[in-house]
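In what follows, chains are A, B, ... by sequence order, proteins preceding strands, each numbered from 1.
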Amino acid sequence: MSLLKVTIDNLDVEVEPGTTILNAARKIGGRVVPPAMCYYSGLKGTGGKCRTCLVKVSKSSATDPRPMPKLVPSCSTIVQDGMIVQNITSPEVLEARKHIVEILLINHPLDCPICDQAGECDLQNLSYKHGLADTRYEFERRTFEKIDIGRFIQLHMTRCILCYRCVYLADQLTDKRVHGVLFRGDNSEISTFIENVVENDFSGNVIDVCPVGALTDKTFRFKSRVWFTKPYDAHRNCEKCEGKAVLWMSGTDVLRVTGRKNEFGEVEDFICNECRFEKKNTDDWILEGPRNISHSSVISQNLYELINEPPKEPPFNKKD
Amino acid sequence: MSLRILTENIDIPELTSFEVYRKLGGYRSVEKSLKTMSPSGVMEEVKKSTLRGRGGAGFPTGMKWSFLARGIGKPHYLICNADESEPGTFKDRYLMERNPHLLIDGMITSAFALEANTAYIYVRGELFRVLRILEKAIGEAYANGFLGKNILGSGYSLDIFCHPGAGAYICGEETALIESVEGKRGNPRIKPPFPAIAGLWDCPTVVNNVETLASVPWIINNGGEEYAKIGVWKSTGTKLMSACGHISKPGVYEVKMGLPVEEFIYSEEYCGGIRKGNKLKAVIAGGSSVPILPADLILKTAAGEPRLITYESLSEGGFETGTMLGSGGFIVMDNTTCIVKNLWNFTRFYRHESCGQCSPCREGTGWMEKVLYGIENGEGKMPDIDLLEDVAKNIEGHTICPLGDAAAWPVRSAIRHFRSEFEEHVKLKKCPF
């Protein structure tokens, strides 16, 4: 099959048939990439839920020049040849996105100062970029007691935005899922049924896929802020996983081990719990060198230079 | 006496039994279609009838059937959507309770047209009585050779199963319904793919409303063209209207498409006018999720034409001055009704029934409910009204399934047509009713 030509924010890109708008935009890179809070390319079935990646399709395809009637989720809409998409060049999209951020934040505690995720939090980044300075929500926020789901992982539902990523991960990476979404509507919550422990060799990856601080690493909680630790690429021979990880170090102490996240915040190789929680000694690892973080977050500030080219600016004035 | 297609013999109490239904001419369409027609022939008749989906959206049934992906080596399924839970709508329940064989009759013919060998009736969980009646009727149909293997010696086999829901309005949305039949949490799927391509167990599936399927026997017996002669323009046939609220005679009425709304409300044959001689204030014409209209706009369109019970006439004027036929849940309110309180009640319902999958609906419905509760109970402020409208505007069109729209439309329309009443609540710091 030949490649399909798609235009996103006046920038052209050619992609394989079956590619989503989001992945086509990621191929272009830079600011035209819609933010995604629930989609995770490594997990099948994710996406479509958070609605932050809504974009406007102003021309459906070369054969059907009609625009799509509603904004569409770019993570689950497949591109057509000749499709024209507007993301940051559409005021309608930006307006809708602003409201989605507001909606995601109305029940979020905004406890970033005491949250371990702060500094590498997708919701934090999203709010900086697209959020409003103020909230119009005046009611009491939804709060939860902390739920104990085992030795290594802390579940703090108050911060959860119900992206379902951890549910899909447990379905696809582990042999038996014991947690899921209970109840419905704004009573929905992630929990185990009933009072179960999430424990298997790959359960720790739910921490990496969580876009907020709802699932955090108990071995790292309150040890340090992420921007005070220095990331190093490291690997080890592991029987269960690839053993490719990032060590977050303070001096010679390994404070935290995580998977390697790409520029879109997605882990490339999931690591096992042994590597993540039990190998906190530099002797366990072969260090490869400092990791460059190109992900747009405060952890990349001041520490390392960006590995990618500066983001492309879409030509705003170009008319079709 | 007006024409009755679905409710012809409905007052005969023994109609639920196979013998009585058969004696009155039931299952003739099954005999006719299975013995003398081809599946595509049945579909052609339904197409000719221009029957439109009676569940709310009004999508042409024949066209929906023609989208079914045939010949891809997968079995086809027919699902009857009997998860009727929209506030104000109770027509399917009435039909299934009193004439269950009509539905089974229609389902056999429809499944034959779709070349499906398995069909499901997804019954709303709360309708225990209906479930019992349907199970009994299905048993009788099996015993008399109208279901099972090799029906009437035609070589066509069909099994029908009843699948009770577990009390979720969202499972009336077709993809959530399919998830529920599969035994999963009733979350709507992201479309495309549509069920006609990948529905139940990833196989081509058609989901139709009870009333739609119950209209099929008449179409087969009398011909699609005959059916198309009833009604006005693209709204053909008859429609069951479940009328409730402040009228003298609430109940389910079968009306010919094209009946003026004014006649429906005031004639003795139907609603019998407003109770106690009160004044009509507003009408929700098609179940709680369609926009509310004030008395002047429901009786006449903005252009001054009389408003008729058809898909087109009710939606004339768009959402600015029109509404939708929806599912036919006709809620009438007289001048003693508080629009704000009524709206709060609906919004509370949508908040409770939101599946919680996508963020605008999950958080937005709750937000609207809290703001409305505040206004109704004298804690509202003037900016709250604009805020409410803005929240509704931002839910609309941004969600996975139409529940978000269904929650937003009543709010936006109530503010559009009854803004002064909201302002009065805020000024008085209490409900004026």
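- Residues of residues 160-171 of chain A that come closer than 4.5 Å to chain B, counting heavy atoms only, are A/Ile161, A/Leu162, A/Tyr164, ordered by residue number.
- Heavy atoms closer than 4.5 Å to chain B are found in the backbone of A/Glu140, but not in its side chain.
- Residue B/His398 holds its NE2 atom at 6.5 Å from CD1 of A/Ile100, rounded to the nearest 0.5 Å.
- Atom OG1 of B/Thr399 and atom NZ of A/Lys49 lie 13.5 Å apart (nearest 0.5 Å).
- In terms of heavy-atom proximity, B/Gly356 sits nearest to A/Ser188 at CA-OG, 3.9 Å.
- Proximity to chain B (any heavy atom under 4.5 Å) is restricted, for A/Leu182, to the backbone atoms N, CA, C and O.
- The shortest heavy-atom contact between B/Ile190 and A/Gly47 is CD1-O, 3.1 Å.
- Ion pairing of A/Lys70 with B/Asp405 is present here, as a side-chain N (NZ or NE/NH1/NH2) and a carboxylate O approach within less than 4.0 Å.
- Looking at A/Ile106, the atoms closer than 4.5 Å to chain B (heavy atoms on both sides) all sit in the side chain, from C-beta outward.
- Considering all non-hydrogen atoms of both residues, A/Cys50 and B/Ser359 come closest at O-OG, 2.6 Å.
- When heavy atoms are compared at a cutoff of 4.5 Å, A/Phe139 approaches chain B solely by way of its side chain, counted from C-beta outward.
- The contact between A/Val181 and chain B is made by backbone and side chain atoms together, counting heavy-atom distances below 4.5 Å.
- Ion pairing between B/Lys370 and A/Glu138 fails under the 4.0 Å rule for side-chain N and carboxylate O.
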